[in-house]
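Here's the structure we're looking at; comments come further down.
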Amino acid sequence: AIATVCAVSVSTLACIAYIHYDQQEERKRLREGVLRDIELLARKEAQFGITSKDGLEREADDNGVGSGVVDAERQWDMVLFGALCLLPTLLVLPSLNARGATRHLVGTVAAVSVLAYAATVYLVRVVTLATLRRGMFGYDINKKGTPAGSVRVPEAAGLAPGCVYLASLTVLQCAHLLLGGQVAAHWAVEHNSALATIGFAVFLGFVDDVLDLPWRAKMIVPACASLPLLLSYAGSTTILVPRPLRRLLGEAVTGGADLLDLGAVYYAYMFLLVIFCANSINIHAGINGLEAGQSAVIAAAVVLLNVSTLASTGTDTGVDVGSGGSETGVGPGKLAMSREELVTRAEALRKVLGGGSSIVQAAFRDVEVMAARDTRHVEVMAAQLEAGGTMHEAHLFSLCLAAPFLACTLGLMAHNWYPSKVFVGDTFTYFAGMTLGVAGILGHFSETLVIFFLPQIANFLYSSPQLFKFVHCPRHRLPTLDTATGLLHPSMATETRYNMNLVNLFLRILGPQTERRLCVALLTLQAACCAAGFALRHMLTGVWK
């Protein structure tokens with residue numbers, strides 16, 4: 001692992017050195033292109049009747065090119081958005097009374113995440129230069145008909161956070177193995193499967209950006225990327241059966257600890273969940289900041305879930321046994337007595353009352369019940385201790401996945417927020433969906449992850465008629481811009497039917513909106529669903545499982 005880190009570090013430094021060497025000349029070439037864009041904006045200014053007082057600053061306000069005012073507004077939006085994402089976790093963090101290795105690992109995760117954010121902010125600019133040089137740029141369709149719609153926007157910027165994330169995950173793998181001891185050694189296979197799966201997703205996403213694969217192929221790409229996770233998965237396929245189903249399945253099926261081994265069905269579940277997560281981010285997209293924004297909100301919820309679970313489980317798992325009097329048939333007063341004391345009591349009663357007395361017979365039945373209870377208690381306590389320790393380690397591992405991803409996504413949003421200077425591309429959408437899916441599966445909270453993905457589920461179900469060609473589906477289902485007002489309107493799939501996705505549905509419900517306000521509304525829905533996930537976990541604890 002240390003050799004891998006050294007190799008990755010040396011390779012990264014070599015690439016950065018080469019890029020710096022080539023960057024100055026590249027800036028000169030790009031400056032000529034920017035000057036041509038400015039001339040084009042000036043011609044568009046005259047065409048659309050923009051006054052000279054507004055000038056290029058109005059155009060920069062549309063697309064984020066060449067305006068310090070717009071950059072400052074974008075920076076302020078990102079400060080506010082980042083604070084809202086991190087504030088819940090910062091409020092819970094003081095209750096995390098971690099000690100020893102857990103405390104050091106959490107601190108390492110925080111430090112690596114900060115470095116990942118800074119590296120992503122810088123590397124996005126580097127990738128932008130490279131993609132423009134190779135002709136990988138597009139035009140913002142949501143600004144079509146305005147001067148900003150004619151400005152080249154670099155594509156595939158998701159390559160930058162993907163590379164930074166993979167390097168961060170490698171460092172955290174080494175830290176986990178070095179600090180976690182023998183317990184962390186059992187997670188080495190999960191670390192490797194996560195690295196392979198997410199790295200494969202970044203690669204296939206970039207291939208999609210370069211080759212522009214059709215939708216049928218887009219559905220297959222995440223399936224290929226999920227294979228390393230499935231083939232190298234060495235975790236348990238056993239689940240805790242929900243309480244309402246335990247009596248239905250019976251003791252013979254669930255066992256003494258209420259567990260059920262799904263076997264191959266669990267692998268099929270992981271396969272389908274990963275495919276959905278990767279594609280759902282890609283489908284729920286189309287306006288500046290939406291892809292990265294929804295990913296950041298979900299990642300922030302995952303980090304909060306990890307930290308809160310670590311705070312509740314602690315470093316030592318304890319089990320509250322409870323009285324259990326009604327289940328064993330032994331009264332509360334007798335539960336305070338040990339098995340030996342109950343035997344002594346029963347023998348004393350037999351000497352005084354004789355063996356035929358009902359009181360003596362009841363006393364010996366208490367001894368038998370206590371013996372059965374002790375055996376059951378040991379089995380259940382062992383299962384609960386094992387489950388509690390596994391939960392603690394699983395969320396600690398998930399934190400190693402989710403925290404640097406959140407940092408990388410926030411670094412990308414510094415460039416992708418409205419008005420966007422870059423397009424994240426399918427490289428980021430596949431990378432983001434795959435990372436969140438892997439974190440949920442290996443962190444053993446896939447049920448909660450499904451609740452976090454409720455907007456993506458709703459968007460997929462609402463879009464299904466178009467995705468499966470029951471209704472005409474154009475290549476782009478983006479809203480249309482009214483150049484006179486600068487507001488977005490829902491677009492039409494046919495003469496009588498609107499395009500079926502949440503972006504257009506929100507415009508139909510809320511009315512025409514600016515692109516920024518529409519994105520904020522969609523991200524508010526995402527945050528509300530994540531909050532609902534925490535509320536449901538709290539209300540159903542002890543009821544559902």
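The backbone N or O of A394 lies less than 3.5 Å from no partner atom in the side chain of S398, so there is not a single donor-acceptor pair. A donor-acceptor contact shorter than 3.5 Å is absent between the side chain of H284 and the backbone of L502. Proximity of a side-chain donor or acceptor of N142 to a complementary backbone N or O of G286 within less than 3.5 Å is detected. Panel note: side chain R74, backbone W417; a donor-acceptor pair is recorded below 3.5 Å.
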Between F445 and H395, is a ring pair (Phe, Tyr, Trp, His ring centres under 6.0 Å) present by the stated rule, with each step listed?
-> CA-CA 9 Å; F445 55 91; H395 280 276; 5.4 Å; yes

Trace of the side chain to side chain contact (heavy atoms under 4.5 Å, CB included) decision for F397 with H191: CA-CA 8 Å; F397 172 76; H191 271 293; 3.5 Å; yes

After noting the C-alpha distance and the side-chain angles of Y269 and S446, does the key distance pass the side chain to side chain donor-acceptor pair (under 3.5 Å) rule? CA-CA 10 Å; Y269 166 72; S446 56; 2.7 Å; yes

Q. Could you walk me through whether K143 and N288 pass the side chain to side chain contact (heavy atoms under 4.5 Å, CB included) check?
A. CA-CA 11 Å; K143 300 176 180 62; N288 291 171; 2.9 Å; yes

**Message:** I'd like to know whether L454 forms a side chain to side chain contact (heavy atoms under 4.5 Å, CB included) with C530, so could you lay out the CA-CA distance, the side-chain angles of the two residues, the decisive distance to 0.1 Å, and finally the verdict.
**Reply:** CA-CA 9 Å; L454 279 180; C530 292; over 6 Å; no

Self-check item: Trace of the ring pair (Phe, Tyr, Trp, His ring centres under 6.0 Å) decision for F534 with F452
Solution: CA-CA 9 Å; F534 285 98; F452 291 166; 5.6 Å; yes

Task: Derivation of the side chain to side chain contact (heavy atoms under 4.5 Å, CB included) call for F453 and C529 - done: CA-CA 8 Å; F453 270 83; C529 290; over 6 Å; no

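In this structure, R152 forms a cation-pi arrangement with F137, its terminal cationic atom sitting closer than 6.0 Å to the ring centre and no more than 45° off the ring axis.
The shortest side-chain heavy-atom distance between M270 and L230 falls under the 4.5 Å cut-off. Side-chain atoms of L478 and I287, non-hydrogen and from C-beta on, never get closer than 4.5 Å to each other. Counting heavy atoms from C-beta outward, Q294 and L523 have side chains that approach closer than 4.5 Å. The shortest distance between side-chain heavy atoms of D140 and V151 does not fall below 4.5 Å. Between F81 and L410, the closest side-chain pair of non-hydrogen atoms falls below 4.5 Å. Between L488 and D482 the shortest side-chain heavy-atom distance does not fall below 4.5 Å. Annotation: side chain of D426 is not in contact with side chain of F206 (no heavy-atom distance under 4.5 Å). Residues L507 and P512 form no side-chain contact, since every pair of their non-hydrogen atoms from C-beta on lies 4.5 Å or further apart.
Minimum heavy-atom separation, A225 to F200: CA-CD2, 3.6 Å. M136 and V210 get closest at one heavy-atom pair: CE-CG2, 4.0 Å. Taking every heavy atom of both residues into account, L204 and C224 meet most closely at CD1-CB, 4.0 Å. Of all heavy-atom pairs spanning A278 and P222, the tightest one is CB-CB, 3.7 Å. Shown here for M500 and Q466, the closest heavy-atom pair between the two residues is N-OE1, 2.8 Å. In this structure, T128 and P154 approach most closely via the heavy-atom pair CG2-CG, 3.1 Å.
S463 and N501 form no side-chain donor-acceptor contact under 3.5 Å, judged by distance and modelled atom types alone. Using modelled atom types, one finds no donor on one side chain facing an acceptor on the other under 3.5 Å when comparing N279 with N282. Judged purely by distance below 3.5 Å, without hydrogens or angles, the side chains of N504 and S491 pair a donor atom with an acceptor atom. In this structure, a donor-acceptor pair under 3.5 Å is absent between the side chains of Y165 and T120.
Listed by first and then second residue, the side-chain hydrogen bond (donor to acceptor under 3.5 Å, both in side chains) pairs involving residues 195-212 are D208-K218, D208-Y430, D209-T427, D212-R475 (not counting sequence neighbours).
In this structure, L272 CG and Y267 OH are separated by 15.0 Å, a value rounded to the nearest 0.5 Å. L487 contributes atom CG, which lies 10.5 Å from atom OG1 of T480 (distance to the nearest 0.5 angstrom). Distance CG/L401 to CG/N306: 8.5 Å, rounded to 0.5 Å. Atom OG of S113 is separated from atom CG of L399 by 7.5 Å, given to the nearest 0.5 angstrom. Put simply, OG on S280 and CG on N459 are 8.5 Å apart, with the number rounded to the nearest 0.5 Å. Separating the CG atom in L178 from the CD atom in Q173 is a distance of 10.0 Å, to the nearest 0.5 Å.
More than 12 heavy atoms of other residues, nucleotides or ligands shown are found within 6.0 angstrom of OH on Y462.
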